[in-house]
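Working notes for the structure below.
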Amino acid sequence: RSGRSAALRARMEERLLGARFRYLNQQLYTGSSRDAAQLFRADPAAFHLYHRGFEQQVRRWPERPVQRIVRYLRRRPASLVVADFGCGDCTLAASVRNKVHCFDLVPLSPRVTVCDMAEVPLADESVDVAVFCLALMGTNLQEILGEANRVLKLGGTLMVAEVASRFEDTGAFMKAMAQLGFRTVSKDLSSSYFYLLEFAKTGPARPGRAPGLRLRPCLYKRR
Ligand code: SAH
């Protein structure tokens, strides 16, 4: 009997965690990056819970997007300096020889510099590769990608891995990216889970709003 009630209790806890993860996740995708920063600053425990939920989701996928970015970087010179926006547990930094600046809201690893990705402590044109791996969460996408543009050298690479179902209109998204100073180098839309997009910085963003720059929130279903 005690075995059965322990199992029941574990199942209920799992459910509760799932519900809290989905709620936090929804907040991250429907608010600005600043709201996210404030949320986790006020409640670091929420961040750890979010990450457990995130891990559980991604474990179901056939491949972790970050592994694709690792493979990409290993094919390029290790001398390239990388900025990982929303680095999570720093899998990327731990898997390559490059110098990687890791940014996130709460440090899951001592490598992390805690900051809002819309405002990273890097000099203008100081990095060769900027990475957003499942990390374009805030509603202020234009500001966030503007920050990546600022820190990237001319001709530098922007890698974006994002959940496929978030894209409403990939063509409009690419056009908006051009306005933000990013030329499309390659796009891999073959995975049904995530898209992998590679851009090169052509120059600073052109002024004005880029209306095509829209991604749906990534809301996980209850399981
Ligand atoms: N890139 C990692 C983690 C992806 S989860 C991987 O692929 O495994 C998304 C990460 O973005 C989370 O760690 C979350 O805390 C971070 N994040 C979300 N909003 C952020 C913000 N405004 N500033 C910095 N990091 C943010």
Side-chain angles (χ1 to χ4, degrees), residues 20-73 82-96 98 100-122 127 129-148 150-151 157-166 188 191 193-198 215-220:
R20 287 187 63 199
F21 165 70
R22 286 191 303 277
Y23 177 66
L24 278 170
N25 185 65
Q26 180 180 337
Q27 281 183 298
L28 292 176
Y29 280 110
T30 53
S32 76
S33 67
R34 248 170 293 284
D35 297 336
Q38 210 157 18
L39 174 76
F40 287 143
R41 212 174 295 133
D43 186 1
F47 179 83
H48 291 279
L49 189 138
Y50 171 77
H51 262 275
R52 271 176 56 190
F54 171 78
E55 284 297 321
Q56 272 174 23
Q57 289 292 334
V58 174
R59 238 184 280 134
R60 299 177 218 255
W61 296 11
E63 181 182 35
R64 283 192 74 134
V66 67
Q67 290 308 332
R68 292 288 301 278
I69 299 191
V70 168
R71 287 214 303 277
Y72 169 83
L73 284 176
V82 180
D84 188 5
F85 289 77
C87 57
D89 64 3
C90 300
T91 299
L92 186 63
S95 310
V96 297
N98 307 60
V100 182
H101 298 282
C102 300
F103 300 117
D104 210 300
L105 295 171
V106 175
L108 279 186
S109 143
R111 297 179 196 252
V112 176
T113 299
V114 171
C115 64
D116 175 5
M117 60 168 76
E119 222 171 318
V120 298
L122 288 178
V127 307
V129 183
V131 174
F132 290 88
C133 187
L134 305 177
L136 285 177
M137 307 185 88
T139 49
N140 52 330
L141 279 184
Q142 185 161 354
E143 190 187 349
I144 292 166
L145 290 164
E147 182 67 346
R150 180 185 72 76
V151 303
T157 301
L158 170 66
M159 297 296 289
V160 172
E162 217 20 274
V163 175
S165 58
R166 296 194 63 202
D188 182 347
S191 160
Y193 289 88
F194 64 92
Y195 288 170
L196 188 66
L197 313 173
E198 178 185 350
L215 293 173
R216 289 191 194 100
C218 173
L219 304 178
Y220 297 100

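Keep in mind that what you see is a predicted model, and the values were worked out from it rather than measured. Both ligands and their constituent atoms are indexed starting at 1 by order of listing. For the single chain, residues carry numbers from 1 onward in sequence order.
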I need the nearest protein heavy-atom contact for atom 26 (C) of ligand 1: residue, atom name and distance, please. Met117 CE, 3.4 Å
When you compare ligand 1 with Cys133, is there at least one nitrogen or oxygen pair between them that comes in under 3.5 angstrom? yes
What protein heavy atom lies closest to atom 19 (N) of ligand 1? Include the residue and the distance to one decimal. Leu105 CD1, 3.7 Å
Atom 14 (C) of ligand 1 - nearest protein heavy atom and its distance: Asp104 OD1, 3.4 Å
Evaluate side chain to side chain donor-acceptor pair (under 3.5 Å) for Ser33 paired with Asn140, printing each intermediate quantity in order. CA-CA 7 Å; Ser33 67; Asn140 52 330; 3.0 Å; yes
Between Phe47 and ligand 1, which part of the residue brings a heavy atom under 4.0 Å of the ligand: side chain, backbone, both or neither? side chain
On a heavy-atom basis, which atom in Trp61 and which in Val163 lie closest, and how many Å separate them? CH2-CG2, 3.8 Å
Give the C-alpha distance, both sets of side-chain angles, the deciding distance and a yes or no for side chain to side chain contact (heavy atoms under 4.5 Å, CB included) between Thr157 and Tyr72. CA-CA 11 Å; Thr157 301; Tyr72 169 83; 3.4 Å; yes
Look at atom 9 (C) of ligand 1 and say which protein heavy atom is nearest, naming residue and atom and giving the distance to 0.1 Å. Leu134 O, 3.4 Å
Between Arg34 and ligand 1, which residue portion shows a heavy-atom distance shorter than 4.0 Å: side chain, backbone, both, or neither? neither
What orientation do Phe103 and His101 show, parallel under 30°, tilted 30 to 60°, or perpendicular over 60°? parallel
Which heavy-atom pair separates Val106 from Val112 by the least distance, and what is that distance? O-CG1, 4.2 Å
Nearest candidate to atom 22 (N) of ligand 1, where distance is taken over non-hydrogen atoms, out of Val120, Val112, Asp116, Ile69: Asp116
Between Arg64 and ligand 1, is there a nitrogen or oxygen pair with a distance under 3.5 Å? yes
Take Arg71 and Glu63 through the test salt bridge (charged side-chain N to carboxylate O under 4.0 Å, His left out) and record every step on the way to the result. CA-CA 12 Å; Arg71 287 214 303 277; Glu63 181 182 35; 3.1 Å; yes
Any carboxylate oxygen within less than 4.0 angstrom of a Lys/Arg side-chain nitrogen, looking at Glu162 and Arg216? no
From the candidates Ala118, Ala135, Pro65, Gly86, the one that places a heavy atom nearest atom 1 (N) of ligand 1: Gly86
More than 12 heavy atoms of other residues, nucleotides or ligands under 6.0 Å from CD of Glu119: yes or no? no
Among Cys115, Cys87, Ser33, closest by any non-hydrogen atom to atom 24 (C) of ligand 1: Cys115
At what distance is the nearest protein heavy atom to atom 18 (C) of ligand 1, and which residue and atom is it? Met137 SD, 3.5 Å
